[in-house]
Undergrad: 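Structure provided below as structure tokens; questions to follow.
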Amino acid sequence: QVQLVESGGGLVQTGGSLRLSCAASGRTFSMYPMGWFRQAPGKERDFVARITLSGGRTDYADSVKGRFTISRDNAKNTVYLQMNSLKPEDTAVYYCALQLGLGSAYSDRSYDYWGQGTQVTVSS
């Protein structure tokens, strides 16, 4: 079993920044790719960013590229999402997820464990 716990969400004005954290326990964290997804009210859960085992490769949704940065600290079993230049359209519940096996890193169906989510609200 894996437990993922997100933190760092909140209310921020347009142009502001937030840093989300996701603490993992229960498995060897450093062995698995990690992802961030988000879900706005009435919408599907969308890919935001992902990072490989060592952090050597990262990928982003076009909508956040250049503004968000995913990183990980394997010694602390934690993955981060630094969000800058936030926009109202970034408002959503943000989830971190761990991928055990193969599959598209951009699809939420490829991920096996999920956190409970953290709310991010960007006011205009």
Side-chain angles (χ1 to χ4, degrees):
Q1 275 295 83
V2 174
Q3 294 79 43
L4 301 173
V5 180
E6 300 100 336
S7 61
L11 174 65
V12 64
Q13 291 185 334
T14 297
S17 299
L18 284 174
R19 187 196 196 200
L20 306 183
S21 299
C22 173
S25 61
R27 274 185 182 257
T28 306
F29 173 78
S30 61
M31 293 177 62
Y32 305 102
M34 298 291 295
W36 284 97
F37 288 76
R38 66 187 182 185
Q39 188 168 23
K43 296 188 177 181
E44 295 185 349
R45 189 161 53 187
D46 291 331
F47 170 79
V48 174
R50 70 103 170 194
I51 188 167
T52 53
L53 312 182
S54 63
R57 176 177 172 174
T58 57
D59 293 286
Y60 298 91
D62 287 343
S63 59
V64 307
K65 205 170 291 184
R67 300 187 297 122
F68 290 11
T69 303
I70 187 172
S71 61
R72 66 191 296 164
D73 185 339
N74 286 340
K76 295 182 178 180
N77 285 359
T78 302
V79 63
Y80 303 96
L81 186 68
Q82 177 66 45
M83 305 186 296
N84 298 328
S85 302
L86 283 162
K87 305 175 182 180
E89 51 263 44
D90 294 318
T91 295
V93 177
Y94 283 71
Y95 299 91
C96 68
L98 183 147
Q99 184 178 12
L100 289 179
L102 301 177
S104 170
Y106 310 102
S107 170
D108 60 356
R109 291 175 291 179
S110 298
Y111 291 78
D112 302 273
Y113 292 96
W114 294 83
Q116 82 287 352
T118 186
Q119 177 70 47
V120 171
T121 303
V122 185
S123 63
S124 57

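Just so it is clear, the structure is predicted and the values come from calculations on it, not from any experiment. For the single chain, residues carry numbers from 1 onward in sequence order.
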Undergrad: Can you find a pair of side-chain heavy atoms, one from T14 and one from P88, that are under 4.5 Å apart?
TA: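 Touching, per the 4.5 Å side-chain cut-off.
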
Undergrad: Is it possible for you to say whether I51 and Y80 belong to one hydrophobic cluster, with membership spreading through side-chain heavy-atom contacts below 4.5 Å?
TA: no

Undergrad: Taking all atoms of both residues into account, what is the closest heavy-atom pair of R72 and G55, and its distance?
TA: CD-N, 4.0 Å

Undergrad: Please walk me through it: do L86 and F68 pass side-chain contact (heavy atoms from CB on, under 4.5 Å)?
TA: CA-CA 9 Å; L86 283 162; F68 290 11; 3.8 Å; yes

Undergrad: Apart from F47 itself, what residues make up its hydrophobic cluster when side-chain heavy atoms of I, L, V, M, F, W and Y under 4.5 Å apart count as a link, directly or indirectly?
TA: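 Members besides F47, by chain and number: F37, V93, Y95, Y106, Y111, W114.
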
Undergrad: For the residue pair L4 and A97, what are the closest heavy atoms and their distance?
TA: CD1-CA, 3.9 Å

Undergrad: Does C96 offer a backbone N or O that forms a donor-acceptor pair with the side chain of E6 under 3.5 Å?
TA: yes

Undergrad: Is the side chain of S110 donor-acceptor paired with the backbone N or O of S104 at a distance under 3.5 Å, no angle test?
TA: yes

Undergrad: Applying side-chain contact (heavy atoms from CB on, under 4.5 Å) to Q99 and Y32, what does each step give before you reach the verdict?
TA: CA-CA 6 Å; Q99 184 178 12; Y32 305 102; 5.9 Å; no

Undergrad: Who else is in the cluster with L53 when I, L, V, M, F, W and Y are joined by side-chain contacts under 4.5 Å?
TA: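 Listed partners: none, L53 stands alone.
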
Undergrad: Could you give the distance from CZ (R38) to CD (E89), rounded to the nearest 0.5 Å?
TA: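 Atom-to-atom, R38:CZ and E89:CD are 8.0 Å apart.
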
Undergrad: Within the distance-only criterion (no hydrogens, no angle test), does the side chain of R67 pair as donor or acceptor with the backbone N or O of S85 below 3.5 angstrom?
TA: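 Present.
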
Undergrad: Do K76 and S21 touch side chain to side chain, with heavy atoms closer than 4.5 Å?
TA: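 A side-chain contact is absent here, since even the closest heavy-atom pair is not under 4.5 Å.
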
Undergrad: Is the shortest side-chain heavy-atom distance between M34 and F29 below 4.5 Å?
TA: yes

Undergrad: Do you know which of L81, D59, I70, L20 makes side-chain contact (heavy atoms from CB on, under 4.5 Å) with V48?
TA: L81

Undergrad: Given salt bridge (Lys or Arg N to Asp or Glu O under 4.0 Å), test D90 with K87 step by step and report yes or no.
TA: CA-CA 5 Å; D90 294 318; K87 305 175 182 180; over 6 Å; no

Undergrad: Counting C-beta onward and ignoring hydrogens, is there a side-chain heavy-atom pair between Y113 and L100 closer than 4.5 Å?
TA: yes

Undergrad: Search all heavy atoms of K43 against all heavy atoms of Q39 and return the closest pair with its distance.
TA: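 Looks like O-NE2, 3.0 Å.
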
Undergrad: Set out, in order, the CA-CA distance, both residues' side-chain angles and the distance that settles side-chain contact (heavy atoms from CB on, under 4.5 Å) for Q119 and T91, then state yes or no.
TA: CA-CA 8 Å; Q119 177 70 47; T91 295; 4.0 Å; yes

